[in-house]
Amino acid sequence: MDDQLALRIQLFREGGHVPSEVVDFVAAELSSLEDEGHVVTEASAGMLTSHLMMALGRLLDGEPIEQFLTDDQVASELAGHPGAVARARAVSARAEQDLGAALPESEVNFLGMHLAVLGGHGPSAPPG
């Protein structure tokens with residue numbers, strides 16, 4: 001993890017808008033991705049980090065998460081990335097177990113898109 005992504009996480013932690021258990025959960029998920037050989041930096045995972053922090057924070061605060069008009073498009077795009085979808089579902093299951101808040105399908109899809117992009121930065125990604 002680079003300094004910029006660590007700063008993003010620190011700002012979430014110090015800002016108080018996201019429960020500390022969510023910040024810890026997301027930081028642990030990023031560490032797991034990094035341990036698996038993914039390049040986890042501000043450039044590769046900054047949006048994933050913010051999206052997951054905000055989604056889980058809203059869920060823990062009891063705020064509704066709406067379906068998006070683009071859900072079908074996103075699901076279609078994910079058809080070529082079954083590993084990213086499986087990972088997103090696993091993150092949702094861990095969130096339910098650890099935080100008591102499973103991600104709704106729309107958020108699983110968006111997380112899957114972020115993970116598909118991050119997969120392009122993984123150990124099997126082409127150099128570039």
Side-chain angles (χ1 to χ4, degrees):
M1 179 180 307
D2 64 0
D3 290 346
Q4 288 181 311
L5 187 56
L7 178 59
R8 180 185 292 256
I9 292 168
Q10 180 182 347
L11 291 173
F12 272 106
R13 190 177 305 281
E14 293 175 357
H17 298 291
V18 175
S20 61
E21 61 266 31
V22 169
V23 176
D24 293 341
F25 178 85
V26 173
E29 290 293 327
L30 293 171
S31 291
S32 292
L33 288 164
E34 194 167 44
D35 290 346
E36 294 170 16
H38 293 280
V39 177
V40 179
T41 63
E42 174 66 19
S44 68
M47 295 303 293
L48 181 159
T49 301
S50 290
H51 194 111
L52 190 54
M53 294 261 192
M54 297 305 293
L56 290 171
R58 286 192 312 265
L59 285 169
L60 288 186
D61 285 343
E63 295 179 32
I65 294 184
E66 300 174 17
Q67 292 288 112
F68 296 97
L69 296 175
T70 56
D71 281 350
D72 290 341
Q73 281 181 295
V74 172
S76 177
E77 289 290 327
L78 286 170
H81 303 280
V85 174
R87 180 70 184 240
R89 292 194 189 290
V91 170
S92 179
R94 284 192 291 277
E96 183 172 26
Q97 180 180 345
D98 295 355
L99 303 171
L103 295 168
E105 192 66 19
S106 287
E107 291 299 327
V108 169
N109 285 341
F110 276 107
L111 179 57
M113 291 292 285
H114 286 296
L115 291 169
V117 170
L118 185 64
H121 298 275
S124 61

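Because only heavy atoms are used, hydrogens play no part in the values below, and waters and symmetry mates are left out as well, while side chains stay in. Quick caveat, the model's predicted, so the values are computed rather than measured.
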Quiz prompt | Residues which pass salt bridge (Lys or Arg N to Asp or Glu O under 4.0 Å) with D2, listed by chain and number, not counting sequence neighbours | solution = none
Quiz item: Mind checking what makes ring-ring contact (aromatic ring centres under 6.0 Å, His included) contact with H17, not counting sequence neighbours?
Solution: none
Quiz item: Between S20 and R13, which heavy-atom pair has the shortest distance, and what is it?
Solution: O-NH1, 4.3 Å
Quiz item: Which value, rounded to the nearest 0.5 Å, describes the distance between L48 atom CG and L30 atom CG?
Solution: 6.5 Å
Quiz item: Looking at CG of L118 and CE of M47, how far apart are the two atoms once the value is rounded to the nearest 0.5 Å?
Solution: 13.5 Å
Practice problem: Can you measure from CG (L56) to CG (D61) and round to the nearest 0.5 angstrom? | Solution: 11.0 Å
Quiz prompt | Straight-line distance of R87 CZ to H81 NE2, nearest 0.5 Å | solution = 16.0 Å
Self-check item: Non-hydrogen atoms of A84 and A116 that approach each other most closely
Solution: CB-N, 3.6 Å
Quiz item: Quick one: CE on M1 to CG on L7, what's the gap to the nearest 0.5 Å?
Solution: 11.5 Å
Practice problem: Not counting sequence neighbours, which residues clear salt bridge (Lys or Arg N to Asp or Glu O under 4.0 Å) with E42? List them please. | Solution: R8
Self-check item: Residues that P19 engages under side chain to side chain contact (heavy atoms under 4.5 Å, CB included), provided they are two or more places apart
Solution: E21, V22, L60
Self-check item: Least distance between heavy atoms, A102 atom then L59 atom
Solution: O-CD1, 3.5 Å
Quiz item: So which heavy atom on T49 is nearest to which on A45, and how close?
Solution: OG1-O, 2.7 Å
Practice problem: Not counting sequence neighbours, which residues clear ring-ring contact (aromatic ring centres under 6.0 Å, His included) with H114? List them please. | Solution: H51
Practice problem: Name all residues meeting the side chain to side chain contact (heavy atoms under 4.5 Å, CB included) criterion together with A88; count only those two or more places apart in sequence or in a different chain, and write none if there are none. | Solution: V108, L111, L115
Quiz item: What distance separates F110 CZ from L78 CG, expressed to the nearest 0.5 Å?
Solution: 9.5 Å
Quiz item: For D35, does the CG atom have more than 12 heavy-atom neighbours from other residues, nucleotides or ligands under 6.0 Å away?
Solution: yes
